[in-house]
Amino acid sequence: MPVAGRGPLLVLRLAHAAKVRASRKAADDALAHEITVLHIASRKTYGVPRIHAELRRPGRRINRKRIERIMREQGIQGAHWRQRRSLTRPDKKARPAPDLIGRDIHAAQPGTKLGR
């Protein structure tokens with residue numbers, strides 16, 4: 001398909017780019033299938049680091065970020081067992097700390113006590 005006002009080299013570049021995109025999409029689809037098989041075999045517990053390690057185990061070179069992208073696009077996530085909790089918990093019965101400086105922070109109207 002010729003592009004108006006463009007040379008034949010641009011047409012060739014566009015055609016080549018389309019072929020490259022199609023081959024990359026096919027490779028990503030095949031990789032997505034492998035990732036899905038590994039994820040299901042792990043009872044849907046493996047996340048990106050373990051999937052990456054499993055794919056690299058036979059000596060295959062593959063980028064971790066590519067695995068992240070494919071897993072994100074496919075909606076595949078590892079299991080999260082631990083819940084995040086804070087280490088410091090306030091005592092519900094404790095009295096508030098006394099104001100040792102004796103500040104008067106109450107204003108009769110908003111904006112009246114801005115300075116000292």
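Note that the numbering runs from 1 along the sequence shown for the chain.
- Here the straight-line distance linking atom CD of Q77 with atom NE2 of H39 works out to 8.5 Å at 0.5 Å rounding.
- The environment of R50 atom CZ is sparse: at most 12 non-hydrogen atoms of other residues, nucleotides or ligands sit within 6.0 angstrom.
- At a threshold of 4.5 Å between side-chain heavy atoms, the hydrophobic network of Ile, Leu, Val, Met, Phe, Trp and Tyr places I70 and I40 in two separate groups.
- Contact of the R21 side chain with the H16 side chain is not registered, since no non-hydrogen atoms from C-beta on lie closer than 4.5 Å.
- Within the 4.5 Å cutoff, the side chain of Q74 has no heavy atoms near those of the I35 side chain.
- Distance alone, capped at 3.5 Å, places no donor-acceptor pair between the H52 side chain and the I67 backbone.
- Counting heavy atoms from C-beta outward, P8 and L10 have side chains that stay 4.5 Å or more apart.
- In this structure the side chain of T45 reaches within 4.5 angstrom of the side chain of W81, judged on heavy atoms.
- The minimum heavy-atom distance linking A32 with T36 is given by the pair O-OG1, 2.7 Å.
- Under the 4.5 Å side-chain criterion, counting only non-hydrogen atoms from C-beta, E68 is not in contact with N63.
- In this structure, R69 and D28 have side chains that are in contact, with non-hydrogen atoms separated by less than 4.5 Å.
- By the neighbour-count criterion of 12 heavy atoms within 6.0 Å, atom CZ of R24 is sparsely surrounded, having that number or fewer from other residues, nucleotides or ligands.
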For this session: Show the numbers, then the answer: is there a salt bridge (charged side-chain N to carboxylate O under 4.0 Å, His left out) between E34 and R60?
Result: CA-CA 13 Å; E34 287 184 58; R60 184 176 181 182; 2.7 Å; yes
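- A distance of 5.0 Å separates CD1 in I51 from CG in L38, rounded to the nearest 0.5 Å.
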